[in-house]
Amino acid sequence: SSTMSFSEAEVQSARGAWEKIYVDAEDNGTTVLVRMFTEHPDTKSYFTHFKGMDSAEEMKQSDQVRGHGKKVLTAINDMVQHLDNSEAFVGIVNPLGKKHATQLKVDPKNFRIICDIILQLMEEKFGGDCKASFEKVTNEICTHLNNVYKEAGW
């Protein structure tokens with residue numbers, strides 16, 4: 001598996017960018033999921049309890065959507081804390097990828113969708129520099145997840 005190559009400066013600026021989003025983990029996580037479900041309605045099929053929700057407003061109010069939004073951002077936060085330790089990073093990404101590949105059978109393209117929405121949100125709220133300093137992180141996450149999927153025979 002590839003080892004990550006983040007310079008100390010990249011790690012610091014990525015963490016700074018991430019912090020701005022993660023400080024409102026539940027609200028921002030909810031925004032990310034609602035956008036994904038609205039712009040890519042097929043992604044709702046993985047969540048049996050979100051299927052019947054059609055309006056973004058309804059989704060925003062849902063405890064399950066809010067809970068999962070926070071869960072997604074918390075998982076990314078764990079990864080962001082270990083950008084300077086590829087062993088620990090992989091230790092977080094691998095079980096997560098395996099679970100989504102084998103148990104949940106989630107199409108790996110959805111990870112890229114979520115990452116792109118997060119980058120979009122960063123840019124909207126905090127500008128292009130914020131987005132730019134986190135782009136490499138999302139690429140790293142998606143690359144690692146895709147590798148886990150390949151190993152799982154996806």
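No hydrogens, no waters, no symmetry mates; every other heavy atom, side chains included, goes into these values.
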Does atom CD of E39 have more than 12 heavy-atom neighbours, drawn from other residues, nucleotides or ligands, at distances under 6.0 Å? yes

Let me confirm one number: the CD1-CE distance from I113 to M36, rounded to the nearest 0.5 Å. 7.0 Å

Electrostatic pair D84:R15 at N-O distance under 4.0 angstrom: yes

Under 6.0 Å from the NZ atom of K125, do we count more than 12 heavy atoms belonging to anything else shown? yes

Would you mind checking if E124 and R35 are paired as a salt bridge, meaning a charged N to carboxylate O distance below 4.0 Å? yes

Distance in Å, Q12 CD paired with L83 CG, rounded so as to fall on 0.5 Å steps: 9.5 Å

At what distance, to the nearest 0.5 angstrom, does OG1 of T31 lie from CG of D27? 6.5 Å

Polar side chain donor-acceptor pair, E151 to N147, under 3.5 angstrom: no

How close do A14 and V137 get, heavy atom to heavy atom, and via which atoms? CB-CG2, 3.6 Å

Within the 4.5 Å heavy-atom criterion, are F50 and Q64 side-chain neighbours or not? yes

Report yes if the distance between the aromatic ring centroids of F37 and Y46 is under 6.0 Å, otherwise no. no

Is there a donor-acceptor pair under 3.5 Å between the side chain of N146 and the backbone N or O of C142? yes

What's the separation between atom OH in Y22 and atom CG in L73, rounded to the nearest 0.5 Å? 7.5 Å

Would you please classify the geometry between the F47 ring and the H49 ring as parallel, tilted or perpendicular, with 30° and 60° separating the classes? perpendicular

For K70, enumerate each residue passing the salt bridge (Lys or Arg N to Asp or Glu O under 4.0 Å) test, keeping only those at least two apart in sequence or located in another chain. none

Hey, could you give me the OG/NZ distance between S7 and K136, rounded to the nearest 0.5 Å? 6.5 Å

Walk me through whether Y149 and F111 qualify under ring-ring contact (aromatic ring centres under 6.0 Å, His included). CA-CA 12 Å; Y149 267 71; F111 297 121; 5.8 Å; yes

Pairwise ring pair (Phe, Tyr, Trp, His ring centres under 6.0 Å) hits with a residue in residues 112-141, at least two apart: W18-F134

Greater than 12 external heavy atoms within 6.0 Å of D42's CG: yes

L33 vs M59 side-chain heavy atoms within contact, under 4.5 Å: no

Side chain to side chain donor-acceptor pair (under 3.5 Å) pairs, two or more places apart, involving residues 88-113: R112-D116, R112-T138, R112-N139

Under a 3.5 Å distance rule, please check whether K60 uses its side chain to pair with a backbone N or O of R66 as donor and acceptor. no

Please check if the number of heavy atoms outside D129 that lie under 6.0 Å from its CG is greater than 12. no

Mind checking whether I118 and N28 have side chains closer than 4.5 Å, heavy atoms only? no

